**Q** 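Quick one: the structure is below, and I'll ask about it shortly.
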Amino acid sequence: MRSMKYKGVAFDFDGVILDSEIAVIDCWKIVAEEKGIPDIEEYCRSVIGLDIVNSKKKFDERYKGEFSYEDNRLLRKEVFMQRFFEGKIPLKKNVREILMFLKEKDIKVSLATSTYSETIRKEIEFLDIDKYFDELVCGDMVKNGKPHPEIYLTAAKRLGLEPDEVIGVEDSYNGVKSSKTAGLYTVMVPDLLVPTGDIMEFVDVIYEDVREIKNIFV
């Protein structure tokens with residue numbers, strides 16, 4: 001692997017940039033307890049990396065219309081955003097360091113996230129990391145969510161690069177499938193989901209810390 005081959009990096013957001021996956025589950029638990037929704041943590045883990053459309057589909061399949069996905073998602077989002085703007089949901093370890101490194105190396109950087117753009121813009125501005133991203137590709141900007149490759153193909157295109165010139169950084173099964181099938185060199189930095197045998201065919205390298213991406217360029 002030659003470091004000069006890679007000219008861009010596309011990061012997932014939740015679980016890679018923001019330490020939010022467990023926080024989302026905790027917020028869903030608050031809503032679920034209030035509304036009497038059973039087995040919410042099992043549901044949450046099954047939709048890590050999915051967009052709203054596919055998350056709703058799995059919610060409706062699991063609860064068979066007994067509960068409103070949209071109403072409860074909005075309640076969960078209110079709880080989450082309150083915690084976020086109170087500073088209770090931090091960046092993942094060493095995220096700022098790797099973003100600064102990539103900026104210094106003139107490596108183009110994009111987000112490739114299922115979260116919608118209005119929310120993402122608010123979050124990265126609040127975290128003061130918006131200056132590190134050349135492009136944002138969000139869930140409401142593509143037709144097909146992860147694990148479909150569209151979001152990573154779009155990220156590469158918007159960076160002005162070929163997919164094989166870009167590194168995709170993910171924590172979820174759906175995310176690594178999206179990145180690898182788009183043709184990106186795919187890094188998995190596990191968060192809540194442990195890499196399994198089935199998922200390894202979609203992963204080029206596993207790093208325990210996002211800072212290890214430096215190894216590809218030095």
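Numbering of residues begins at 1 and proceeds along the displayed sequence. Every value quoted in this text rests on a predicted model; they were computed, and no experiment measured them.
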**Q** Quick one: pull up CD in Q82 and NZ in K77 and give me the separation to the nearest 0.5 Å.
**A**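 Going from CD on Q82 over to NZ on K77, the span is 14.5 Å.
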**Q** Count I, L, V, M, F, W, Y as connected when their side-chain heavy atoms are under 4.5 Å apart, and connections chain through other members. Are L153 and V142 then in the same cluster?
**A**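 In one cluster: no.
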**Q** If you define the side chain from C-beta out and look only at heavy atoms, does anything of I120 sit under 4.5 Å from T113?
**A**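 Contact flag for I120/T113 side chains = yes.
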**Q** Mark yes when over 12 heavy atoms from residues, nucleotides or ligands other than E33 sit less than 6.0 Å from its CD; otherwise mark no.
**A**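 At most 12 heavy atoms, drawn from other residues, nucleotides or ligands, come within 6.0 Å of this atom.
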**Q** Distance from C44 atom SG to K29 atom NZ, nearest 0.5 Å?
**A**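 Output value for this atom pair is 8.5 Å.
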**Q** Report the relative orientation of the aromatic rings in F80 and F84; use parallel for angles under 30°, tilted for 30 to 60°, perpendicular for over 60°.
**A**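 Answer is parallel, since the angle falls under 30°.
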**Q** Contact between F101 and E97 at the side-chain level, heavy atoms closer than 4.5 Å - yes or no?
**A**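 With C-beta onward as the side chain, the pair stays apart.
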**Q** List the atom of A155, the atom of A10, and the distance in Å for their closest heavy-atom pair.
**A**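 Nearest pair, atom of A155 first, then A10: CB-CB, 4.2 Å.
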**Q** So, do L102 and F217 sit near enough that their side-chain heavy atoms are less than 4.5 Å apart?
**A**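 Of all side-chain heavy-atom pairs linking F217 with L102, at least one is under 4.5 Å.
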**Q** Distance-only, no hydrogens or angles: does the K146 side chain make a donor-acceptor pair with backbone N or O of A112 under 3.5 Å?
**A**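 Checked: pair present.
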**Q** What heavy-atom pair brings G145 and D51 nearest, and what distance separates the two atoms?
**A**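 Nearest pair, atom of G145 first, then D51: CA-OD2, 3.3 Å.
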**Q** If the threshold is 4.0 Å, N to carboxylate O, is there a salt bridge linking K58 and E61?
**A**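 No salt bridge links K58 with E61.
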**Q** Under 3.5 Å, side chain of S68 to main-chain N/O of D71, donor-acceptor pair present?
**A**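 Answer holds: yes.
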**Q** Quick one: does N54's side chain get under 4.5 Å of V47's, heavy atoms only?
**A**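 Result no, sub-4.5 Å side-chain heavy-atom pair not found.
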**Q** Is any side-chain heavy atom of I17 closer than 4.5 Å to one of V210?
**A**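 Not in contact.
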**Q** Rounded to the nearest 0.5 Å, how far apart are CD1 of I129 and CE of M100?
**A**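 If I round to the nearest 0.5 Å, the distance is 13.0 Å.
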**Q** Run the numbers on R45 and E41 for salt bridge (charged side-chain N to carboxylate O under 4.0 Å, His left out), then give the verdict.
**A** CA-CA 6 Å; R45 289 177 179 273; E41 182 166 354; 3.2 Å; yes
**Q** Is there a donor-acceptor pair under 3.5 Å between the side chain of E212 and the backbone N or O of D209?
**A**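 Yes; at least one donor-acceptor contact below 3.5 Å.
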**Q** I would like to know whether I48 and E21 meet side-chain contact (heavy atoms from CB on, under 4.5 Å); could you show each step before the answer?
**A** CA-CA 8 Å; I48 290 174; E21 296 288 20; 3.4 Å; yes
**Q** Using 4.0 Å as the upper bound for N to carboxylate O, is an ion pair formed by K92 and D191?
**A**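 The answer is yes: the pair qualifies as a salt bridge.
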**Q** What are the two closest heavy atoms between D134 and I107, and how far apart are they?
**A**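 Looking at all heavy atoms of both residues, the closest pair is OD2-O, 4.2 Å.
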**Q** Checking the side chain of D140 only, and the main-chain atoms of S117 only, is there a donor and an acceptor separated by less than 3.5 Å?
**A**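 Yes; at least one donor-acceptor contact below 3.5 Å.
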**Q** Take a 6.0 Å sphere around CD of E66 and say whether it holds more than 12 heavy atoms from other residues, nucleotides or ligands.
**A**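 Counting neighbours around CD of E66, 12 or fewer heavy atoms of other residues, nucleotides or ligands fall under 6.0 Å, so no.
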**Q** The test is side-chain contact (heavy atoms from CB on, under 4.5 Å); show your working for V189 and D171 and say whether it passes.
**A** CA-CA 5 Å; V189 184; D171 68 304; 5.6 Å; no
**Q** Working to the nearest 0.5 angstrom, can you tell me the gap between M141 CE and L111 CG?
**A**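 These two atoms lie 10.0 Å from each other.
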**Q** Give me the ring orientation class for Y185 and Y6: parallel if the planes are under 30° apart, tilted from 30 to 60°, perpendicular past 60°.
**A**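 Answer is tilted, since the angle falls between 30° and 60°.
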**Q** Measure the shortest side-chain to side-chain distance between P38 and Y63 over non-hydrogen atoms and say whether it is less than 4.5 angstrom.
**A**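 With C-beta onward as the side chain, the pair touches.
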**Q** Step by step, would you call M188 with E170 a side-chain contact (heavy atoms from CB on, under 4.5 Å)?
**A** CA-CA 5 Å; M188 186 176 187; E170 275 284 353; 5.6 Å; no
**Q** Check the hydrophobic clustering (I, L, V, M, F, W, Y; side-chain heavy atoms under 4.5 Å; chains of links allowed) and say if V95 and I124 are grouped together.
**A**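 Yes, it is one cluster - the side chains of V95 and I124 are joined through contacts under 4.5 Å.
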**Q** Do you reckon I206 sits in the same ILVMFWY cluster as I213, going by side-chain contacts under 4.5 Å, direct or chained?
**A**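 No.
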**Q** Between D106 and K103, is the closest basic N to carboxylate O distance under 4.0 Å?
**A**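 Between D106 and K103 there is no salt bridge, as every charged N stays at least 4.0 Å from the carboxylate O atoms.
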**Q** So if you build clusters from Ile, Leu, Val, Met, Phe, Trp, Tyr with side-chain heavy-atom gaps below 4.5 Å, do V16 and I98 land together?
**A**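 Result: yes, single cluster for both.
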**Q** I'd like to know if the side chain of T154 reaches the main chain of E150, judged simply by a donor and an acceptor atom lying under 3.5 Å from each other, with no hydrogens or angles considered.
**A**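 Yes: the side chain of T154 pairs with the backbone of E150.
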**Q** Identify the two heavy atoms, one from V137 and one from S110, that lie closest to each other, and give their separation to 0.1 Å.
**A**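 Taking every non-hydrogen atom into account, CG2-OG, 4.0 Å.
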**Q** Please check if atom NZ in K56 has more than 12 non-hydrogen atoms from other residues, nucleotides or ligands closer than 6.0 Å.
**A**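 Count not over threshold, so no.
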**Q** If you draw a 6.0 Å radius around CD in E118, do more than 12 non-hydrogen atoms from other residues or ligands fall strictly inside?
**A**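 Count not over threshold, so no.
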**Q** Taking K64 first and then D60, would you say they form a salt bridge - that is, a charged N and a carboxylate O separated by under 4.0 Å?
**A**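 No, K64 and D60 are not salt-bridged.
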**Q** Under 3.5 Å, side chain of N72 to main-chain N/O of Y69, donor-acceptor pair present?
**A**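 A pair under 3.5 Å: no.
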**Q** Please round to the nearest 0.5 Å and tell me the distance separating atom CZ of R158 and atom CD of E135.
**A**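 The distance works out to 4.5 Å.
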**Q** Same cluster or not: are L74 and F67 linked, directly or through other Ile, Leu, Val, Met, Phe, Trp or Tyr residues, by side-chain heavy atoms under 4.5 angstrom apart?
**A**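 No, because L74 and F67 fall into different hydrophobic clusters, even though each may have its own neighbours under 4.5 Å.
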**Q** Can you give me the closest heavy-atom contact between Y43 and S55, atom names plus distance?
**A**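 Taking every non-hydrogen atom into account, OH-O, 2.9 Å.
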**Q** Counting distance only, does the side-chain N/O of E34 pair as donor-acceptor with the main-chain N or O of V31 below 3.5 Å?
**A**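 Looks like no, no N/O pair under 3.5 Å.
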**Q** For A23 and I89, which heavy atoms make the closest approach, and how far apart are they?
**A**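 In terms of heavy atoms, the two residues are closest at CB-CD1, 3.9 Å.
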**Q** Is there any ring-ring contact (aromatic ring centres under 6.0 Å, His included) pair reaching into residues 136-177, and which pairs are they, with sequence neighbours excluded?
**A**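 Non-adjacent pairs meeting ring-ring contact (aromatic ring centres under 6.0 Å, His included): zero.
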**Q** Take D14 and T115, measure what side-chain contact (heavy atoms from CB on, under 4.5 Å) needs, and give me the verdict at the end.
**A** CA-CA 8 Å; D14 291 292; T115 304; 2.9 Å; yes
**Q** Kindly indicate whether the side chain of M81, heavy atoms from C-beta on, has any atom under 4.5 Å from the side chain of E123.
**A**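 Yes, close enough: below the 4.5 Å cut-off.
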**Q** Should E42 and R62 count as an ion pair when the cut-off is N to O under 4.0 Å?
**A**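 Between R62 and E42 there is a salt bridge, with a charged N closer than 4.0 Å to a carboxylate O.
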**Q** How long is the span from the CD atom in E162 to the CG atom in L184, to the nearest 0.5 Å?
**A**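 CG of L184 is found 11.0 Å from CD of E162.
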**Q** Do T186 and K177 come close enough that some side-chain heavy atom pair is under 4.5 Å?
**A**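 No, too far: nothing below the 4.5 Å cut-off.
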